[in-house]
Asker: 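One structure is given below, represented as structure tokens, and several questions about it will come after.
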Amino acid sequence: MNENPTRRSLLAALAALPLASLAQPEPRVLVEVWKAPECGCCEDWVKHLKANGFAVKLTSGGNDAMRAKMGLPEKLASCHTGLVGGYAIEGHVPAREIRRLLKERPQAVGLAVPGMPVGSPGMDDPVYQGRKDPYDVLLVARGGATKVYASYRRA
């Protein structure tokens, strides 16, 4: 049987169609971040997110208002507040825990790392000489109750 080249090309293109989706990069998940205008560690945390495959929209200022709007208690405050997939992210939360949150989708307001623990993402500048303070990533429920979602202890 003598196939014409157009039909052969069409069949080859149809056969390759399922593989086309494999070649497409996975879309980057957007994290919106509101940061204290004077804070440099927030910029370092944003670099951590980008290095771990997130897209980031950064706004200088407004983090206190966004924290309150999202229902995060003041006692969990840090220097920046984020929003991703409907969840609040407060402070120096590792990208790994954000991905886990988005995969598990628990009933929660979001995650928080209160304060600015040295050694957490964004607080790992060479000026700290490799110091790593222990800290917890907290899962924040509606109403402000928390439970430990992940613990980071000195390695």
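Numbering of residues begins at 1 and proceeds along the displayed sequence. What's counted below: heavy atoms across the whole structure, side chains too, no hydrogens, waters or symmetry copies.
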Asker: Do Leu138 and Pro114 come close enough that some side-chain heavy atom pair is under 4.5 Å?
Answerer: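 Contact flag for Leu138/Pro114 side chains = yes.
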Asker: Would you say that Lys132 contacts Tyr152 through its side chain, given a criterion of any heavy-atom pair below 4.5 Å between the two side chains?
Answerer: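 Not touching, per the 4.5 Å side-chain cut-off.
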Asker: With clusters defined by side-chain heavy atoms of hydrophobic residues (ILVMFWY) lying less than 4.5 Å apart, directly or transitively, does Val56 cluster with Leu83?
Answerer: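 Not linked; separate clusters.
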Asker: Would you say Leu101 ends up clustered with Met70 if hydrophobic residues are merged whenever their side chains have heavy atoms under 4.5 Å apart, either directly or through other cluster members?
Answerer: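 Not linked; separate clusters.
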Asker: Can you tell me if Tyr87 uses its side chain to pair, donor with acceptor, with the backbone of Gly82 under 3.5 Å?
Answerer: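 No.
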Asker: Taking all non-hydrogen atoms of both residues into account, name the closest pair between His92 and Pro121 and its distance.
Answerer: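 Where His92 meets Pro121 most closely, the heavy atoms are ND1-O, 2.6 Å.
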Asker: How close do Leu102 and Gly85 get, counting heavy atoms only, and between which atoms?
Answerer: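 Shortest heavy-atom contact: CD2-CA, 4.1 Å.
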Asker: Looking at every non-hydrogen atom in both residues, tell me the closest pair between Arg99 and Asn52 and how far apart they are.
Answerer: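 Shortest heavy-atom contact: NH2-O, 2.6 Å.
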Asker: With a 6.0 Å cut-off (strictly less than), is the heavy-atom count around CD of Gln129, excluding the residue itself, greater than 12?
Answerer: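 No, the 6.0 Å shell around CD holds no more than 12 heavy atoms from other groups.
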Asker: Please report the C-alpha distance between Lys35 and Asn63 in whole Å, then the side-chain angles of each, then the deciding distance to 0.1 Å, and finally whether the side chain to side chain contact (heavy atoms under 4.5 Å, CB included) criterion is met.
Answerer: CA-CA 5 Å; Lys35 75 174 205 73; Asn63 55 309; 5.7 Å; no
Asker: Would you call Arg153 and Asp136 a salt bridge, using N to O less than 4.0 angstrom?
Answerer: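 Asp136 and Arg153: salt-bridged.
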Asker: Tell me the closest heavy-atom pair linking Pro73 and Arg67, and the distance in Å.
Answerer: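 Minimum heavy-atom contact is O-CD, 4.1 Å.
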Asker: Between Met116 and Cys39, which heavy-atom pair has the shortest distance, and what is it?
Answerer: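 Reported closest heavy-atom pair: CE-SG, 4.3 Å.
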Asker: Could you walk me through whether Asp125 and Asp44 satisfy the side chain to side chain contact (heavy atoms under 4.5 Å, CB included) test, starting with their C-alpha distance in whole Å, then the side-chain angles of each, then the deciding distance to 0.1 Å, before giving a yes or no?
Answerer: CA-CA 8 Å; Asp125 191 271; Asp44 291 341; 4.2 Å; yes
Asker: Can you list the steps and then say if Val140 with Leu76 is a side chain to side chain contact (heavy atoms under 4.5 Å, CB included)?
Answerer: CA-CA 9 Å; Val140 184; Leu76 301 177; 3.6 Å; yes
Asker: Are Val113 and Val118 linked, directly or through intermediate hydrophobic residues, by side-chain heavy-atom contacts shorter than 4.5 Å (ILVMFWY only)?
Answerer: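 Different clusters.
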Asker: What orientation do His80 and Trp45 show, parallel under 30°, tilted 30 to 60°, or perpendicular over 60°?
Answerer: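 Parallel: the ring planes of His80 and Trp45 meet at under 30°.
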Asker: Below 4.5 Å, heavy atoms only, C-beta onward: do Tyr149 and Leu111 meet side chain to side chain?
Answerer: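 Yes, their side chains come closer than 4.5 Å.
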Asker: Taking a hydrophobic cluster as the set of Ile, Leu, Val, Met, Phe, Trp and Tyr residues connected by side-chain heavy atoms closer than 4.5 Å, whether directly or through intermediates, do Val93 and Met66 fall within one such cluster?
Answerer: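 Looking at the clustering, Met66 is in a separate group from Val93.
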Asker: Measure the shortest side-chain to side-chain distance between Leu49 and Ile98 over non-hydrogen atoms and say whether it is less than 4.5 angstrom.
Answerer: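 SC-SC contact between Leu49 and Ile98 confirmed.
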Asker: If you round to the nearest 0.5 Å, how far is CE of Met123 from NE2 of His48?
Answerer: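 That separation rounds to 14.0 Å.
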Asker: As a quick check of understanding, evaluate side chain to side chain donor-acceptor pair (under 3.5 Å) for Glu90 and Ser78, giving each step before the final call.
Answerer: CA-CA 6 Å; Glu90 182 65 25; Ser78 186; 4.9 Å; no
Asker: Would you mind reporting whether Val137 and Val148 have side-chain heavy atoms less than 4.5 Å apart?
Answerer: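 Counting from C-beta outward, Val148 and Val137 never come under 4.5 Å.
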Asker: Kindly work out whether a path of hydrophobic side-chain contacts (I/L/V/M/F/W/Y, heavy atoms less than 4.5 Å apart) joins Trp34 to Ile89.
Answerer: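 Different clusters: Trp34 never reaches Ile89 through Ile, Leu, Val, Met, Phe, Trp or Tyr contacts under 4.5 Å.
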Asker: Do Leu30 and Lys57 have side chains that approach each other closer than 4.5 Å (heavy atoms only, starting at C-beta)?
Answerer: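 The answer is yes, as the side chains (C-beta and beyond) meet within the 4.5 Å cut-off.
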